[in-house]
Structures are given as C-alpha cells and as structure tokens.
Amino acid sequence: RRDQAEDLLAFMVGDLRESLEPIGKLALLERVGNKAMAYFATGDPTDISNPGRANQVQVLTQIGSISQAEHQHEAGVDVFRQAFERSSILTAKNPGDTDLLFARGQAEFWVGFAHWEQGDLENAAKWMVRYRDTGMSLLQFDESNAEWQREVGYGHHNIGAIELKRGNIRAATDAFERELALLTQLSASLDDDQLRADIADCHSWLGNSLEFAGRPQQALAYFRSSREAWESLHRSAPEHAGYIQWYANALVLEFNAHRQVTGQREHYAPLERALEMRRRLTEIDSDNTSWLVDYHKLRVFKLEHVLAFGHEDGEVATALTESL
C-alpha cells in the first residue's frame, strides 16, 4: 500500500506536472502537495527497508519546486530541507545506491536555489558546488550516463549564474564555457528538445557574461544563437508556456545587444513580437504576477528606447499609451 501511494504521488507531482507546466497550470497541484506532505509526516525518514525511499525524496523536491514556481518561497525552503535531510540519512546508510545519491543532488540544488531566491549568494554558491560535486560523484559509477552528465552541466551553469551575480565575470564565463563544452559533447549522441533548450539557455548566459566583460560583438553572437534556438523550439510547440517565455526573453536580449553594438535606433519588430508573447503569457495564467510584471516592464523599456534613440511621428505617443 505504501509503495502504491508513493507511486501515485510521484505520478501526480512528476508526470502530471509535465503536462500542466507547459500550459501554466501548476497551481492545480498545490492541494496534492499539501496532502503529500501530511502523508510523509507519518513515516520514518530513516527507514531504508523500502526501495522506494529515493522516490519519496524525489516527490518532496518536486513539491518544493512547485511551491517555488508559485512564488511560495518559505514553503519551498522547508520542503527542500526535509528532502535533503532524508536523502543524506539514506545515502550515508547505502553509499552505493545511485538513485539515493541522485535524489540527494536534487535536494542540494533546490536548497541552493532557495538561498538564491532569498539573495543569500554565499550559501547559494556552497550548495550549488555540492550539487555539482554530487553529479561528478555519480559519473564515477557510469561516466557515459547522459542524465548525470547533464547534472554536472547544470551544476556548472548554476555556479556561473551566481558568480555573475557576484560580479566575478571571469569565473562566471569559465563556468558557462565548461557547461557548453559538456552539452555540446552530449549533443553528438543525444538529440532532444530539452538539450536544445539547455544549450540555448547557456548561450544566453554566455552572452550576458561577455556583455559585462565589455565584448559586445561576441555577446551579440551568443544572443542571436540563443534566439534562433528558442524560436525553433517555439515553432515546434507554439502553446508551450516555457518556450513562449524564453523566446520573448531572447528577442529582447538580442534587440538590446544589437542596439549597444550599433548605437542606433532599431526597428521595433522584435520588441513588438516579444510584447505580444508576454501578453499571451498573462492570458494563460492571469495569477502569475511575474509574467505580468515582465510584460509591463517591456512596455516601459520600449518607451525608454523610443525617447533615447529618436522617433518617428506618433511613436512617442503610442509608446506612452502602451506603458501607461
């Protein structure tokens, strides 16, 4: 019965999430998460007699990530801590179990992410290093495992994002380059949408690093490559909310980088396209305040561009109306 209950919970917060996330409906799983937490509170976290213990840790991290996606950060932190504590106990008792080690790595990532969300970059960096190192430990069991290689790549990525936030541009660039080398090598034998999305995201972050390093031409090349990849993914699944979001972001980043390189006013077509896509996101989930804020920020960004770089008749009035 316990196995069956945990399998059902794993489906609800795992497989079902994969169906709900693209359409922006993760809030539907909130009650499932609450029930799952009440269920786990009745069990012994140190019990390793059941081979489904790793599954339980995975369910906990999924619940926490749903809370984070719904901007319930404090609830997410509590769940991630529980997941890490359980996985640490179980891994210590069974160090050769790669499922448990993988689950511990996921918990380490989410604890680090929670610190990142709270602005605690020092602790975020510590946990992300642990997460990356757990991925590297997994590769010692099987260096050809594509999923574990991705985990190491994600570890490099997260460290790069934190170092960029801290102003350590060289360290950030090195981390993103390590990630890109790993993902590029992986793409020689693996071809899927998630890998293409990961590479597109890495290109975008490398663009950010190079932009901060004062290398705008190289940054623009990475932003363009990222935009092309997200555009392709969006065409393949036009209703996927994640692709809509990241394609819109890529359009804005490329537009802004091109403006910095040329020093001239740009045609507004990319911004108009990005505005339409961000408006679409607010329709998909009207309760998502982050998407709503992004939409209105972009309207103001367009107004700032019009005022700073010159305008044609009527453009200022139009941009003012839009931003209001």
Would the number of heavy atoms belonging to other residues, nucleotides or ligands and lying under 6.0 Å from CZ of R150 be above 12?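 Check passes, neighbour count above 12.
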
If you count every heavy atom of other residues, nucleotides or ligands that lies below 6.0 Å from Q194 atom CD, does the total exceed 12?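 Yes, the 6.0 Å shell around CD holds more than 12 heavy atoms from other groups.
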
Nearest 0.5 Å please: distance from the [atom1] atom of [X] over to the [atom2] atom of [Y].
X	Y	atom1	atom2	answer
N158	E163	CG	CD	12.0 Å
L186	D191	CG	CG	10.5 Å
F102	N145	CZ	CG	8.5 Å
E228	F223	CD	CZ	14.0 Å
E177	L210	CD	CG	7.5 Å
L195	D192	CG	CG	5.5 Å

Given the rule that I, L, V, M, F, W and Y join up when any side-chain heavy atoms are under 4.5 Å apart, are [X] and [Y] in one cluster?
X	Y	value
F141	L139	yes
L101	I89	no
L253	Y268	no

Sub-6.0 Å ring centroid separation between [X] and [Y]:
X	Y	result
H156	F176	no
Y243	H234	no
Y222	W205	no

Using a 4.5 Å cut-off on heavy atoms from C-beta on, say whether the side chain of [Y] contacts that of [X].
X	Y	value
T173	F212	no
Y247	L233	no
K297	F301	no
D142	T98	no
L298	V252	yes
M277	L281	no
M136	W148	no
M128	W116	no

Apply the test side chain to side chain contact (heavy atoms under 4.5 Å, CB included) to residues L251 and W230: give CA-CA distance (whole Å), side-chain angles for both, the deciding distance (0.1 Å), then the verdict. CA-CA 9 Å; L251 284 165; W230 286 118; over 6 Å; no

Go through it in stages, so that I can follow the logic: the residues are V129 and I159, the test is side chain to side chain contact (heavy atoms under 4.5 Å, CB included), and I'd like the CA-CA distance, side-chain angles, deciding distance and then a yes or no. CA-CA 7 Å; V129 168; I159 292 169; 3.9 Å; yes

Taking all heavy atoms of [X] and all of [Y], pick out the closest pair and write down the distance.
X	Y	value
I169	S209	CG2-O, 3.5 Å
S187	I199	CB-CD1, 4.3 Å
P95	A92	CD-O, 3.8 Å
L190	A146	CD2-CB, 4.2 Å
I244	P238	CD1-O, 3.6 Å
L164	A172	N-CB, 3.6 Å

Trace of the side chain to side chain contact (heavy atoms under 4.5 Å, CB included) decision for H157 with D201: CA-CA 9 Å; H157 181 99; D201 191 38; 3.3 Å; yes

Determine, stepwise, if the pair D174 / R170 fulfils salt bridge (charged side-chain N to carboxylate O under 4.0 Å, His left out). CA-CA 6 Å; D174 286 346; R170 183 66 261 172; 2.7 Å; yes

Do the side chains of [X] and [Y] get close enough for a salt bridge, i.e. N-O under 4.0 angstrom?
X	Y	value
E211	R215	no
D193	R196	yes
R104	E108	yes
E276	R279	yes

Got a donor-acceptor contact below 3.5 angstrom from the [X] side chain to the [Y] backbone?
X	Y	answer
R278	D294	yes
S88	E85	no
T262	H258	yes
S226	A200	yes
S225	A221	no

Would you check if there is a donor-acceptor pair between the side chains of [Y] and [X] at a distance under 3.5 Å?
X	Y	value
Q245	N249	no
Y131	E151	yes
Q185	Q149	no

Among F109, W110, W127, whose ring pair (Phe, Tyr, Trp, His ring centres under 6.0 Å) with F84 holds?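 With F84 as partner, F109, W110, W127 yield a single ring pair (Phe, Tyr, Trp, His ring centres under 6.0 Å), made by W127.
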
Report the residue from L182, L138, T134 that forms a side-chain contact (heavy atoms from CB on, under 4.5 Å) with V152.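 It is L182; the other options fail the test.
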
